[in-house]
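The structure under discussion appears below in the form of structure tokens.
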Amino acid sequence: MTTAVWFRKNLRVHDNAALTAAADAKQILPLFCLDPAWATPVTVGPNRCRFLLESLEDLDATLEAKYGARLHVVVGDPEQTIAKLFKEGTVTDIVFEGEVCEPRELELEQRIMKAHPQATMLPSTHLLYDIDEALTKGNPPTKMPGMVKLAGKLGAPAKPLPAPATLPPTAPVTCTLPTLQSLGYDSIIKDAAYGVKGGETSGLSRLREQMGRENGSWARAFEKPKTTPASWAGDSPTTLLSPYVAFGCVSARMFYAELKQVYAKGAHAQPPTSLLGQLYFREMSSLLGRFHGASFDQQPSAVCKDIDWDADAEAAKRLHAWDEGRTGYPLIDAAMRQLREQGWIHHLARHAVACFLTRGDLYVHWQRGRDVFDRDLLDADWAINNFNWLALSGVAPWSPPFFRVYNPVPTVTSSLNVRDPQGLYVDRFVPELKGLPAKHKYAPWLAPLSDLNKAGVKLGVSYPRPLVDHKTRSKENIARFKEAQRRAKEAKEAAAPSSKKRKAGA
DNA sequence: GGATCCGTTGTAGCT
DNA sequence: AAGCTACAACGGATC
């Protein structure tokens, strides 16, 4: 009698409902299914895959040290892997946590439950709140005041489950962890942003380190818009805990519990900008993702206007240049190159590149950008990624007004808050501009020819000229967006006339 | 049911 | 230097 404990987005021993439930089993098989269809270099970048493998390695080590158990990692289709384990008699039972909203995972678990009726699917520990309970309180909020109100109704999140004291013996299985090479990755990037390494061990130690930063006053004072996107090393501007939370190395409830302790010791910032606000945004994204289901990542939908994004060969070229950091706008290019190299960029850099790709400059479909983020971000999360691309491209009810476009050339007053007078961020990620005077670093096309020559910069050759002219393009795009919106409204009105129309007609 | 309020993060130009 | 305004104007929640 062996119970498989299927690890999914909970790569940890703390706050793990499945592992906790397995404490009563006769024998267990800790299991992770690595779907090779998921982990391809095209869909999941090497850095993100590396973080996963490190997390699995750490989980295996923790299981062995704490319980004398080992993690059985199988590279293959999860459904088939589990079916085979049952068929061979390796396992007789399975326990796992349900997914909160990602459609492919929800579909997968439905197939598993159908094929193995004895399986136990437990409520997820992925969020602060039980998602089903949260959704009984009405439609999920789309703005932070609504989320704060909902949190008030739901009360304090449950305390994180402690790691089990003991576990039953592990089934005797030999297993070796896959490597990036064995999964078909050839460009192996070793250094993530700020050296974040996957796994519960480094995740929990990073959590404690960040909560203890400046004796807790840093976490209490934290306000995201005040941090700068021109960051890549040294003290991180944000906690950089998001990759750990995304893969479940650190549970949101554990994060919340530690944060509450720090908050208890003094005055602290409030949502939306505070650290708690960040956990609330994550919660809100998942609630909305669950509520809208598979349409959440589509256009058009109940939460996505039908905008006529460019989709011709020219647009494909612009997308490619954006993806590779060759737009000719150093801020955009530095951020996109950092994303590839480090698997992380600051929140405001995400705003800058997302606005630039979509409504601001290139007028490319937000789904294209979303897929690039999904590939490269260590903290990629289906609900959060879609929520934010819907927001930044201007199509969602929770979007900022579409005509508020970020300037890709940082200024002192810009809300992108770049604050990089020496242009060090550009130097680090766009080294071909290194010799330029600092004042031209973010707009090399404005530099006098003598400066360009001195720096060895040949615009259009060693570094691209601006792909589009921001001032004229953003104006045109705003007009196009407005027109698309007007058409959509008209179509809606024609389908279901409202009293407004009658009034207008009278 | 209509009016009003407000939303984590716009920019440029002015005082 | 912080704070105002013009630009052009969405849509959900609330009263």
Side-chain angles (χ1 to χ4, degrees), chain A residues 137-150 153 221-230 237-238 268-285 287-288 291-292 301-307 331 345-356 358-361 384 387-388 390-419 442-443 470-490 492-493 497-504 506:
Chain A
K137 306 290 178 189
N139 285 5
T142 60
K143 305 274 172 64
M144 192 46 62
M147 182 61 223
V148 171
K149 197 180 263 182
L150 175 61
K153 279 188 208 165
F222 183 92
E223 290 188 80
K224 191 137 83 181
K226 292 187 177 165
T227 58
T228 178
T238 57
H268 55 83
Q270 296 295 327
T273 56
S274 66
L275 277 178
L276 179 58
Q278 309 316 303
L279 288 174
Y280 280 177
F281 270 115
R282 174 177 183 271
E283 199 81 4
M284 201 162 76
S285 303
L287 293 175
L288 284 162
F291 185 75
H292 293 286
S301 77
V303 290
C304 179
K305 292 174 192 165
D306 201 6
I307 300 299
L331 175 65
I345 51 177
H346 183 271
H347 181 69
L348 288 170
R350 301 181 194 198
H351 277 223
V353 300
C355 181
F356 187 88
T358 57
R359 70 181 206 274
D361 296 83
I384 299 173
F387 174 89
N388 281 316
L390 287 163
L392 265 296
S393 62
V395 297
W398 55 87
S399 294
F402 64 87
F403 49 85
R404 284 190 191 163
V405 171
Y406 289 106
N407 187 346
V409 181
T411 61
V412 187
T413 52
S414 166
S415 58
L416 288 175
N417 203 24
V418 173
R419 293 182 318 204
Y442 282 96
H470 172 69
K471 273 228 161 71
T472 54
R473 275 305 291 249
S474 58
K475 268 214 181 79
E476 288 166 18
N477 290 348
I478 287 169
R480 280 184 70 178
F481 201 105
K482 190 169 132 188
E483 175 59 18
Q485 211 167 245
R486 193 195 59 75
R487 275 201 307 271
K489 217 177 207 172
E490 209 175 71
K492 202 175 158 191
E493 195 71 12
S498 75
S499 59
K500 245 183 205 162
K501 197 193 166 193
R502 288 197 299 273
K503 192 177 151 195

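Residue numbers start from 1 in every chain, and the chains themselves are labelled A, B, ... in the order their sequence lines are given, proteins ahead of strands. Below, all heavy atoms of this structure are taken into account, side chains as well, without hydrogens, waters or symmetry copies. All values derive from a computational prediction rather than experimental measurement.
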Sugar-phosphate only, base, or nothing, as touched by A:Lys149 at under 4.0 Å among non-hydrogen atoms: sugar-phosphate

Sugar-phosphate, base or nothing in reach of A:Gln270, heavy atoms under 4.0 Å: nothing

Comparing A:Gln485 and A:Arg404 on DNA chain C - which has the more 5′ nearest nucleotide: A:Arg404

Pairing partner of C:dA9 (Watson-Crick or G-U wobble, both distances under 3.5 Å): none

Sugar-phosphate only, base, or nothing, as touched by A:Ser274 at under 4.0 Å among non-hydrogen atoms: nothing

A:Lys471 side chain, from C-beta outward: closest of B:dT8, B:dA12, C:dG11: B:dA12

Nucleotide nearest A:Asn407 (side chain, heavy atoms from C-beta), chosen from C:dC10, B:dT11, B:dT8: B:dT11

Contact under 4.0 Å: A:Ser414 side-chain N or O vs B:dT11 OP1/OP2: yes

Closest to side chain of A:Tyr406, choosing from B:dT8, B:dA12, B:dT11: B:dT11

A:Glu483 bridged to A:Arg480 by N-O distance under 4.0 Å: no

Test item: side-chain donor near acceptor, A:His268 and A:Ser274, under 3.5 Å: no

Selected nucleotide, minimal atom distance to A:Pro145 side chain, candidates B:dG7, B:dT9, C:dC10: B:dG7

Rounded distance in Å - CZ (A:Arg359) to P (B:dG10): 9 Å

Side chain of A:Phe403 - closest among B:dG10, B:dT8, C:dA9: C:dA9

Length of the line joining A:Met284:CE and B:dT8:C1', which is rounded to integer Å: 10 Å

Sugar-phosphate, base or nothing in reach of A:Pro401, heavy atoms under 4.0 Å: nothing

